[in-house]
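To start, the structure itself, in structure tokens.
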Number of protein chains: 2
Amino acid sequence: MREGVRTGAYLPGELYSVYQLAEQLEVSRSPVREALLRLAEAGLVAFERNRGFRIVLPDPRDIAEIFGVRLALELPAVRRIADRRDPAVLAEIDHCAAAMREAARSGDRAGFFRDDQRLHELILRGSGNARAAAIVGSLRDTVRLLGASTAGRSRTLQEIETEHRPVVEALRAGDPGAAEQAMRDHLTRTGRLLVAQALGDADHTDALDRLWTEVVG
Amino acid sequence: MREGVRTGAYLPGELYSVYQLAEQLEVSRSPVREALLRLAEAGLVAFERNRGFRIVLPDPRDIAEIFGVRLALELPAVRRIADRRDPAVLAEIDHCAAAMREAARSGDRAGFFRDDQRLHELILRGSGNARAAAIVGSLRDTVRLLGASTAGRSRTLQEIETEHRPVVEALRAGDPGAAEQAMRDHLTRTGRLLVAQALGDADHTDALDRLWTEVVG
DNA sequence: ACATCGCATGTAACATGCTACTTATGTCCA
DNA sequence: TGGACATAAGTAGCATGTTACATGCGATGT
């Protein structure tokens, strides 16, 4: 279901029914409904009694809040990793970063985003907090809905890769301050871009700044 | 269902079945199962195929991770509130703190914890991040399972109230540093106490320290 | 022309039927 | 007495039946 939303097979705002979906997937209504209820629990879809359900797009404020949470969780995480310099953790991160670099070079978009996600998860898990990793994973799912409905090609893979590099380098160097700053830059850039995307096509620089300042800081 | 777990009507670790529960609640299995699936999504219960389901108690590490997340989210939140000094927000917080004080004085345990929860939520919402508030609310639900199964009377209401007071005072005074420190003290104390509780009756001071250091910092 | 009402349609939510599988229990044989 | 084995009970998971309700459309009356 998540996949279907991500690939754009299902459109946000449109009314769907469990009947339709069950038929389409060739299973009964129960598992479909159960899956949708779980998604609803996470806020990705909303049921309307006796009418159907919709995929709910995160609004700009949602996006800003999500990045507020991510900053709060991921900055301390990189700090801790840089502090501890656990070889096993660093090796994993290095390996993942290399895969990402390769995916960016070869233009493998799907692979790149998978590695991106994995890198952030490795950082959070490596910092010792698996629950934080799970939370961020779920937040990313929500944001991804947005990416599916807009074009989302505002940055090249190379550019995004370039933002990650200083994070990994600071981690390897064991410099908590630099790691935090690099991660802050990366998340801020990404977050502001996505908020702008959620605000629509027009230029809303002022609205963006207001929202970002109010929610994130 | 949450309520039932909290009040101790259902015991963690015990095997239950959707059949039993449906009969007990005098509804059909569907809504029971759907509700349980939602709880399972949040990690509060675990299904075992063809056997039943259990209420899962958070283990000590879970508790530590939860407080790691709470610290990450709530420290910036108090900082922001102290920085901005929004009169409306401060008034709400003040009001809530007063209610808490009164509940502590009169020994109204249920009311006290409700106010406690509300205070933390007000702080997070007031900082501009409703999603962070929702996340922390969900984490509190998980921790509460632990409180229901153990006695959890290690601190008096007065003591807990005393920990909150400096937070509120620093917020009113508009001192971000003091507010952060007060909140850090409060959450650290609470978290370590609950981790100790989750570790069991015996004295595990060393294990507690190790776990706390590894997960929280 | 216009407002009102009834009805057909489609839905979520709930109830119940069905199946494959896990586990415990008792039974029969060595 | 001990151990393999059939057996029965109980379960999650999936399929299907049922109910109450929201909505849109069209007929009917004004």
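Atom set for the values below is all heavy atoms of this structure, side chains included, hydrogens, waters and symmetry mates excluded. Letters A, B, ... mirror the listed sequences (proteins, then strands); counts begin at 1. Since we're looking at a predicted model, the values are computed, not measured.
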Electrostatic pair D83(B):R80(B) at N-O distance under 4.0 angstrom: no
- request: Could you tell me whether R105(B) and E102(B) have a side-chain N and a carboxylate O separated by less than 4.0 Å?
  value: yes
field: Smallest separation among heavy atoms of R84(B) and T213(A), with atom names
entry: NH1-O, 4.4 Å
message: I'd like to know if D209(B) pairs up with R192(B) as an ion pair, taking the criterion as any Lys NZ or Arg NE/NH1/NH2 lying under 4.0 Å from an Asp or Glu carboxylate oxygen.
response: yes
- line: The single option from V89(A), I93(A), V168(A) that satisfies side-chain contact (heavy atoms from CB on, under 4.5 Å) with I123(A) is I93(A)
field: Set of residues satisfying salt bridge (charged side-chain N to carboxylate O under 4.0 Å, His left out) with respect to E41(B), sequence neighbours excluded
entry: R2(A), R38(A)
- prompt: Using a heavy-atom cut-off of 4.0 Å to chain A, what are the terminal contacting nucleotides of DNA chain D, in 5' to 3' order?
  reply: dC14(D) to dT23(D)
- prompt: In chain order, what residues pass the side chain to side chain contact (heavy atoms under 4.5 Å, CB included) check against R54(B), with sequence neighbours excluded?
  reply: L15(B), E48(B), R51(B)
task: Runs of at least three consecutive Watson-Crick or G-U pairs, both distances under 3.5 Å, are what I'm after; which ones involve DNA chain D?
output: C:1-30 with D:1-30
- prompt: Would you call E214(A) and R61(A) a salt bridge, using N to O less than 4.0 angstrom?
  reply: yes
task: Identify, with sequence neighbours excluded, every residue that meets ring-ring contact (aromatic ring centres under 6.0 Å, His included) alongside F112(A).
output: none
Min side-chain heavy-atom separation D185(B)-E163(B) under 4.5 Å: no
query: Going 5' to 3' along nucleotides 7-15 of chain C, which nucleotides have protein heavy atoms under 4.0 Å from the base (write B), which only from the sugar-phosphate (write S), and which from neither (write -)?
result: ---BBBBSB
